[in-house]
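The chains referred to below are lettered A, B, ... by the order of the sequence lines, with proteins before strands, and numbering in each begins at 1.
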Amino acid sequence: MNVLAREFYRRDAVRLARALLGKIVVHETREGVVAGRIVETEAYRGPADRAAHSYGGRRTARNEVMYGPPGHAYVYFIYGMHWCLNVVAAETDVPEAVLLRALEPIEGIDVMRARRGVATRDEHLLRGPGNLCRALGVTREQNGHDFAASPLFIADASPIPASQIARTPRIGVDYAGADAARPWRFIIGASPSVSGKNLVRRVGK
DNA sequence: AGGAAGATCCGCT
DNA sequence: GCGGATCTTCCTG
């Protein structure tokens, strides 16, 4: 298994969001190894993006890792119940990130199911950013972790052809004005693990 | 010091 | 489709 190196992440969040499709997230936990294939991502583009935590250059204890080097985990808590896992993109001091919204389960199905504590199909165990963290065992403890190192890392895999990728506006950012409409959510259209509807236009070449 | 809103999920109607 | 759960974070006064 080939772990992605730091340089892979050193690009803007939109390009990284697309490039991460098909890659493998692995978390080695006490309960067992859990892994999944990335099928849904969203890009958050720094100070100019009203939907981003770093909008306007806002810098707080919470989003501090967005300002750090690329390839690290930005984990935050939302709605009083859920954690969300992001991959920091771009250069140090350029606060961009990619939200991981859904994976296809590959390994550790039993562990994921136990953590979720809900009856659902295997393909849905890692669907949705909150569910993904719950099943992977990701919480505040992983905030700032380097994705190039155990126990939480991302492994390389073949790039996904453009014909299999679709893009849509991001979910849950209606408050972001003009930025709400930007097509910065990327999905592998055919995957049964993608949240919401799959349609919308293809990514051009 | 206080309050509002949030990159969500699930169960019920 | 709607609303309740639940709490951190940040902004205001």
Is there a donor-acceptor contact under 3.5 Å from the side chain of A:His72 to the main chain of A:Val65?
no
Just by modelled atom types, is the A:Arg134 backbone N or O under 3.5 Å from a matching donor or acceptor in the A:Arg116 side chain? no
In Watson-Crick or G-U wobble terms, with both distances under 3.5 Å, the base opposite B:dA7 is none
Closer than 4.0 Å, any side-chain N/O of [X] to the OP1 or OP2 of [N]?
X	N	answer
A:Tyr79	B:dA7	no
A:Asn131	B:dC10	yes
A:Arg185	B:dA7	no
A:Arg101	B:dT8	yes
A:Arg127	B:dC9	no

Specify the separation, in whole Å, of atom [atom1] of [X] and atom [atom2] of [N].
X	N	atom1	atom2	result
A:Tyr76	B:dT8	OH	P	6 Å
A:Tyr175	B:dA4	OH	P	19 Å
A:Leu100	B:dT8	CG	P	14 Å
A:Arg134	B:dC10	CZ	P	9 Å
A:Ile78	B:dC9	CD1	C1'	12 Å
A:His124	B:dT8	NE2	C1'	17 Å
A:Asn63	B:dA7	CG	P	12 Å
A:Leu85	B:dT8	CG	C1'	15 Å

Taking B:dT8, C:dT9, B:dA7 as options, the one with an atom nearest any side-chain atom of A:His53 is B:dA7
The nucleotide from C:dT8, B:dA7, B:dC10 with an atom nearest the side chain of A:Val118 is B:dC10
Nearest-nucleotide check on DNA chain C, A:Phe77 vs A:Arg59; residue mapping nearer the 5' end is A:Phe77
Closest to the 5' end of DNA chain C, once A:His82 and A:Arg140 are matched to their nearest nucleotides, is A:His82
Open item on the list: What contact category does A:Arg62 fall into here, base, sugar-phosphate, or nothing, at under 4.0 angstrom with non-hydrogen atoms?
Closed with: sugar-phosphate
Check: Without hydrogens or angle criteria, can the side chains of A:Arg127 and A:Ser195 be said to hold a donor-acceptor pair below 3.5 Å?
Finding: no
- request: Assign the ring pair A:Tyr76 / A:Tyr74 to parallel, tilted or perpendicular, where the plane angle (0 to 90°) is split at 30° and 60°.
  value: tilted
With rounding to the closest Å, how many angstrom separate the P atoms on C:dT6 and B:dG2? 22 Å
Under a 4.5 Å cut-off applied to non-hydrogen side-chain atoms, are A:Arg115 and A:Thr29 in contact?
yes
